[in-house]
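To start, the structure under review is shown below, and the notes come after it.
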Amino acid sequence: MGNCTENTVKAAPDLSVNIAGVTLKNPVMTASGTFGSGMEYGEMIDISRLGAIVTKGVSDVPWEGNPTPRVAETYGGMLNAIGLQNPGVDVFIERDLAYLEQYRPGTKVIVNVCGHTEEEYLNVVERLSDTNADMLEINVSCPNVKCGALAFGQDPATLCGITEKICRIAKQPVIMKLTPNVTSIAELAKAAESGGADAISLINTLTGMKIDVERQRFVLANRTGGLSGPAIHPVAVRMVYEAAHAVKIPVIGMGGIACAEDALEFLLAGASAVAVGCMNFHDPETTHRVIDGIEDYLSRHGCSGVREIIGAVR
Ligand SMILES: Cc1cc2nc3c(=O)[nH]c(=O)nc-3n(C[C@H](O)[C@H](O)[C@H](O)COP(=O)(O)O)c2cc1C
């Protein structure tokens with residue numbers, strides 16, 4: 001496997017990874033929307049152990065989100081149609097970013113950005129450019145109001161265009177977060193790279209639907225919702241593998257991580273870092289178990305660092 005030796009390495013393995021010039025002390029972060037801005041979780045776990053926190057998506061003005069019900073349980077996961085409810089970038093900078101400052105620089109802060117139009121994305125990116133955010137993650141799964149319901153991330157030319165514009169004004173490295181609701185993830189990964197993205201992350205949720213058969217009604221008021229959790233993990237691993245082999249920029253893998261083995265699959269498939277999403281709801285200590293499990297795996301396999309196993313699957 002990779003360059004790992006058969007011998008037992010006595011020193012603790014080096015868990016650090018580099019994403020577009022930003023060093024993370026370990027490759028484990030939270031997935032956007034599943035950890036808020038850390039305030040509630042800070043009472044339950046030691047946030048300073050994380051490589052990075054990725055915040056809930058923020059838009060230029062407050063968004064109310066979708067009508068309820070907007071979450072539902074499924075086999076091995078959940079559906080959500082929260083609709084990116086958030087207080088807007090001004091409140092976010094004053095309240096959430098200020099709160100997160102206590103964890104920097106040991107734990108990096110990655111701000112997730114959403115919008116309905118190019119202008120909305122650019123406004124948020126511009127507002128964030130003079131803050132201490134370490135990186136920006138752009139959620140291109142939002143419906144593009146100027147292109148019907150098609151998300152920005154579903155058309156390669158649109159994705160490349162918005163990536164170029166964002167990268168022109170962003171002062172932090174830009175991660176484009178890809179939607180899995182496409183035919184060829186490799187094509188979209190290449191479009192983000194050619195637009196100048198510093199990294200890509202994937203996968204966002206898979207569009208699903210649930211029906212209450214007794215009431216003969218949609219379970220979610222929005223009818224459709226995004227599927228996340230262990231049920232999507234094998235799909236996510238396949239997509240991360242395909243994306244990582246299509247581009248040279250770093251890839252951040254996510255989708256259904258519940259334990260260290262799930263995270264290791266993403267690393268072996270070619271991801272340089274991983275994000276834990278809705279399993280944070282089930283067990284707030286999931287990220288800690290994943291960090292410990294990766295370290296234990298590297299020691300058992302005689303690896304001096306996590307970088308040795310990135311993309312090592314044969
Ligand atoms: C309740 C909820 C809210 C989410 N909000 C966002 C968001 O604001 N921005 C974003 O890019 N992704 C959002 N996501 C997607 C997750 O970050 C992640 O990509 C997806 O859930 C797959 O990971 P998981 O299976 O580990 O949850 C959200 C997911 C859930 C479950």
Side-chain angles (χ1 to χ4, degrees), residues 28-37 40-41 52-59 62-66 68-89 92 96 110-116 121 124 135-143 151-153 174-181 185 192 199-208 220 222 224-237 239-240 243 251-260 262-263 265-266 271 273-284 286-287 289-290:
V28 180
M29 52 181 86
T30 57
S32 176
T34 65
F35 206 75
S37 291
E40 297 84 2
Y41 282 91
I53 291 191
V54 183
T55 65
K56 168 84 189 150
V58 63
S59 50
W63 284 6
E64 269 186 20
N66 289 326
T68 57
R70 49 192 192 175
V71 288
E73 272 192 58
T74 64
Y75 293 118
M78 65 178 280
L79 280 172
N80 97 81
I82 306 286
L84 299 168
Q85 180 181 358
N86 79 91
V89 69
F92 174 81
D96 302 54
I110 302 176
V111 179
N112 184 279
V113 174
C114 54
H116 290 125
Y121 279 101
V124 183
M135 300 179 102
L136 306 181
E137 181 183 61
I138 313 298
N139 177 5
V140 284
S141 304
C142 310
F152 287 89
V174 171
I175 305 163
M176 297 304 287
K177 180 165 179 181
L178 305 184
T179 169
N181 302 309
I185 197 72
I200 52 174
S201 59
L202 66 157
I203 63 173
N204 210 315
T205 55
L206 282 154
T207 305
L220 299 174
N222 191 56
T224 61
L227 182 65
S228 57
I232 71 169
H233 181 252
V235 178
V237 174
M239 287 195 161
V240 164
V251 174
I252 300 165
M254 73 195 83
I257 296 179
C259 61
D262 297 337
E265 283 190 61
F266 283 121
V274 295
V276 175
C278 67
M279 287 308 282
N280 287 309
F281 302 143
H282 179 73
D283 175 4
T286 307
T287 47
R289 286 193 289 103
V290 170

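In each ligand, atom 1 is the first atom listed, and ligand 1 is the first ligand listed. Computed from heavy atoms alone, side chains included, the values below leave out hydrogens, waters and symmetry copies.
Of the N and O atoms on the side chains of Thr286 and Asn280, not one donor lies less than 3.5 Å from an acceptor on the other residue.
Residue, atom and distance of the protein heavy atom nearest to atom 11 (O) of ligand 1 are Asn112 ND2, 3.0 Å. The nearest heavy-atom contact from the protein to atom 15 (C) of ligand 1 is Asn204 OD1, 3.4 Å. Counting only heavy atoms of the protein, atom 21 (O) of ligand 1 lies nearest to Ser228 CB, 3.2 Å. The protein heavy atom nearest to atom 24 (P) of ligand 1 is Gly256 N, 3.4 Å. Looking only at heavy atoms of the protein, atom 27 (O) of ligand 1 is closest to Cys278 N, 2.8 Å.
In this structure Phe92 satisfies the ring pair (Phe, Tyr, Trp, His ring centres under 6.0 Å) test with no other residue, sequence neighbours excluded. Applying the salt bridge (Lys or Arg N to Asp or Glu O under 4.0 Å) test to Arg70 and every residue at least two apart in sequence or in another chain returns nothing.
Within the structure, the closest approach of Met279 to ligand 1 does not fall below 4.0 Å when heavy atoms are considered. Judged by the shortest distance from any of its heavy atoms, Val71 lies outside the 4.0 Å radius around the atoms of ligand 1.
Using a 4.0 Å cut-off between a side-chain N of Lys or Arg and a carboxylate O of Asp or Glu, Asp96 and Lys56 do not qualify as a salt bridge.
For ligand 1, the polar-atom distance check finds no N/O of Phe281 at less than 3.5 Å from any of the ligand's N/O atoms. Ligand 1 has no N or O atom lying under 3.5 Å from any N or O atom of Ala31, backbone or side chain.
Two rings, from Phe152 and His116, have their centers 6.0 Å or more apart.
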